[in-house]
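Structure record follows, encoded as structure tokens.
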Amino acid sequence: MIYKYYLTFLFCLSLVWGGLSQKTNIIVLSPEEEMESTFSGDIDQQWTFNQAVTKDNKTDNYKLNGFVTNPEGKIYLLKEVAFKKIPKSIAFHANDSIYSCVVLHDNQISMIDYQLDAGTAKRKKISNLDSGFQMFRDDQSTVMVSYNRRKRRIQVVQLKSTSGVSTYNVVIPERQADEIQDIFSSQPSIIIPSMTYIEGNSANERKAYLYQNKLVYTLDDKKEARTRILTIDLTEDKPKLDLREQQAGVIASVDDFNSYVLANQLYQFQVSEDDFKITVTNLEDNSITKEIRLNDLKDNIEYFKRAQVLAENASRSKYAPTIAVNAGVDGSSILVLNYIDPTSMANNYNYSMSFFNLDPYNNVVTPIRNNQKKKFDYAQPYPVTITIDPDNVLLNNTNATPVYDKLPRKYIRELLLDNDKYEKVSVGFTSQFYSFIYFDDEEQSIKLVVEPL
């Protein structure tokens with residue numbers, strides 16, 4: 001029998017974050033075990049989870065271990081789960097005291113429910129999935145979506161727990177088949193996160209969102225400044241498709257175009273060399289609720305000059321404009337305007353990097369290789385942030401407080417890029433603390449470190 005020893009060292013007994021300097025938990029590997037990978041993230045910027053995969057060289061089996069840290073700083077040790085093939089965690093969420101993880105292994109999908117207080121784990125295989133699915137998540141569920149052209153349907157599988165799996169096969173009307181096929185082309189939509197602060201959007205013409213139990217797919221026609229919108233409402237017993245197009249009022253000599261969806265609002269951003277226009281549309285009734293032009297920022301001359309530079313650069317052929325929108329705690333909308341090199345890694349939210357995968361939707365950093373350091377700036381080069389207050393008034397400032405805090409990039413750089421001490425490290429952030437898990441080669445152990453921000 002292979003034994004694993006769990007040691008916990010608390011450097012401070014207080015669970016009050018203001019008085020906590022650091023916590024470290026250690027899993028010591030047996031001589032037959034070796035470290036494979038780690039996976040980390042957060043739930044609603046309140047909880048973090050950190051997982052590690054190890055291989056037992058004696059049995060050739062793999063083990064999934066890990067921790068969950070609650071908002072008060074209490075650390076839960078997750079029950080170990082064994083696999084015959086290497087597992088990869090691909091999504092996570094929580095309901096009440098159950099933390100659920102979706103795992104890809106041996107060409108199949110399984111879901112694990114961890115009862116944190118009881119220290120138990122329940123596992124279930126998810127069957128009858130169409131191929132080529134994309135994955136979304138919110139804090140309480142994981143949603144898998146696949147498009148089947150031959151069967152003319154969209155399959156939606158919503159995972160809440162091992163006992164709460166719902167499958168919807170949404171039929172595509174024949175009259176809409178071609179338009180929907182354009183949305184689900186061979187180039188997958190970029191999944192935009194809804195539970196983190198977005199500093200820079202993608203310039204990809206296809207995007208997808210999960211917000212308030214609704215799936216929204218968009219396809220931008222950049223030449224016509226028009227957006228096609230497909231909505232699937234998962235609050236209905238039998239979800240149906242809602243397909244529409246929204247034309248933005250075109251400015252003279254449009255060079256490029258981008259869009260963003262937040263809740264029931266569509267934000268369309270078009271630029272030319274000396275102007276830009278933002279059109280805000282209520283998707284419930286298709287009414288235009290706000291239009292913003294470059295000259296509307298003239299009240300703040302320094303701000304206006306910065307926006308002029310952005311419009312000029314964003315209209316150049318080597319760049320593309322982007323718009324992202326974050327909700328404010330007071331009901332305001334925080335718009336982040338930017339431009340990006342469409343060929344760069346930062347243009348694709350489905351990251352696949354040689355050093356690590358940074359998935360802002362899950363707020364996760366997963367290491368792939370530790371022998372290569374690659375600098376990557378999550379922020380775009382020249383952001384301009386403006387605010388629309390709850391009364392729909394444009395404010396030339398950035399004083400609004402976002403619902404989700406900005407991702408603290410400096411810690412990612414320090415932990416992943418600048419410190420050779422940490423092998424196979426990944427990190428999760430909350431508004432109060434961050435936790436990271438890594439392999440200590442000298443001590444042959446997995447270490448979890450929790451530190452206040």
Side-chain angles (χ1 to χ4, degrees), residues 1-8 25-41 43 47-69 75-95 97-129 135 137 142 144 157 159-165 357 362 364 366-368 370 423-426 428 435-441 443-448:
M1 180 180 293
I2 303 299
Y3 292 96
K4 182 169 291 180
Y5 303 95
Y6 298 93
L7 306 177
T8 300
N25 281 46
I26 301 175
I27 299 176
V28 180
L29 301 186
S30 68
E32 291 82 6
E33 288 181 292
E34 64 179 279
M35 183 76 163
E36 291 287 337
S37 63
T38 65
F39 181 74
S40 297
I43 296 174
W47 295 63
T48 63
F49 77 95
N50 305 84
Q51 291 181 306
V53 177
T54 60
K55 181 180 181 181
D56 187 331
N57 289 316
K58 188 174 182 179
T59 63
D60 279 338
N61 288 335
Y62 295 86
K63 300 174 183 178
L64 184 62
N65 300 281
F67 306 91
V68 169
T69 306
I75 299 172
Y76 297 87
L77 177 66
L78 299 179
K79 183 177 176 60
E80 181 180 275
V81 180
F83 295 86
K84 291 183 180 180
K85 299 291 184 179
I86 187 167
K88 180 181 179 181
S89 295
I90 55 177
F92 53 92
H93 58 269
N95 275 292
S97 62
I98 300 176
Y99 155 66
S100 298
C101 180
V102 182
V103 180
L104 174 65
H105 64 101
D106 199 18
N107 294 320
Q108 60 181 291
I109 299 289
S110 290
M111 188 175 186
I112 304 171
D113 285 347
Y114 296 97
Q115 285 277 3
L116 299 183
D117 292 329
T120 60
K122 181 180 180 181
R123 176 172 157 184
K124 179 180 181 178
K125 179 183 176 181
I126 309 301
S127 305
N128 302 318
L129 295 174
M135 186 162 290
R137 81 169 185 92
T142 295
M144 297 187 294
V157 180
L159 310 174
K160 293 185 177 179
S161 66
T162 53
S163 59
V165 179
N357 285 341
N362 292 341
V364 167
T366 305
I368 295 177
N370 271 26
E423 290 189 29
K424 298 184 170 75
V425 62
S426 62
S435 63
F436 62 96
I437 190 169
Y438 69 97
F439 179 64
D440 188 318
D441 186 53
E443 298 184 11
Q444 289 295 295
S445 64
I446 302 167
K447 290 188 177 180
L448 173 78

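- Side-chain contact check for C101 versus Y114: some heavy-atom pair is nearer than 4.5 Å.
- Between F49 and Y99, the ring planes are tilted. Angles from 30° to 60° get that label.
- Side-chain atoms of I446 and L448, non-hydrogen and from C-beta on, never get closer than 4.5 Å to each other.
- Heavy-atom contacts from other residues, nucleotides or ligands closer than 6.0 Å to CG of N128 number 12 or fewer.
- Using a 4.5 Å cut-off on side-chain heavy atoms (C-beta onward), E80 and L64 make no contact.
- The residues D440 and K447 are annotated as salt-bridged, a charged nitrogen and a carboxylate oxygen being separated by less than 4.0 angstrom.
- With values rounded to the nearest 0.5 angstrom, S40 atom OG is found 9.0 Å from F92 atom CZ.
- For the residue pair V102 and M135, the shortest heavy atom distance occurs at CG1-CE, 4.2 Å.
- Test L77, L78, I98 against L116 for side-chain contact (heavy atoms from CB on, under 4.5 Å) and you get one pass: L78.
- Looking at I75 and V68, their side chains never come closer than 4.5 Å, going by heavy atoms from C-beta outward.
- Residues L29 and F439 have side chains in contact (heavy-atom distance under 4.5 Å, counting atoms from C-beta outward).
- Within the 4.5 Å cutoff, the side chain of N50 has no heavy atoms near those of the F39 side chain.
- Summarising the geometry, atom CD1 belonging to I27 is positioned 4.5 Å from atom CG belonging to N65; distances are rounded to the nearest 0.5 Å.
- Among all heavy-atom pairs drawn from R123 and S110, the shortest one is NE-OG, 4.1 Å.
- Residues H93 and T142 approach most closely at ND1-OG1, 2.9 Å, considering heavy atoms.
- Evaluated for a side-chain contact (heavy atoms from CB on, under 4.5 Å) with E33, the options K58, K55, K63 yield exactly one hit, K63.
- Atom OG1 of T162 and atom CG of D113 lie 3.5 Å apart (nearest 0.5 Å).
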Task: Pair T38-V53, side chain to side chain contact (heavy atoms under 4.5 Å, CB included): steps then yes or no - done: CA-CA 6 Å; T38 65; V53 177; over 6 Å; no
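- Look at E36 and K424 and you find no salt bridge, because none of the NZ, NE, NH1 or NH2 atoms lies under 4.0 Å from a carboxylate O.
- Ion pair K84/D106 not flagged as a salt bridge, since none of the NZ, NE, NH1 or NH2 atoms sits closer than 4.0 Å to an Asp/Glu carboxylate oxygen.
- Contact check for I112 versus S100: no side-chain heavy atoms found under the 4.5 Å cut-off.
- Residue K124 qualifies as enclosed at atom NZ: its count of foreign heavy atoms under 6.0 Å is above 12.
- Under the 4.5 Å side-chain criterion, counting only non-hydrogen atoms from C-beta, I90 is not in contact with V103.
- Scored by the side-chain hydrogen bond (donor to acceptor under 3.5 Å, both in side chains) test, S89 finds Q51 as partners (sequence neighbours excluded).
- Closest approach of M35 to T54, counting heavy atoms only: SD-CG2, 4.2 Å.
- Nearest heavy atom pair, residue Y62 against residue P87, reads CB-CD, 3.7 Å.
- Between the CD1 atom of I86 and the CG atom of N61 there is a distance of 12.0 Å, given to the nearest 0.5 Å.
- In this structure, N95 contributes its side chain and K160 its backbone to a donor-acceptor pair below 3.5 Å.
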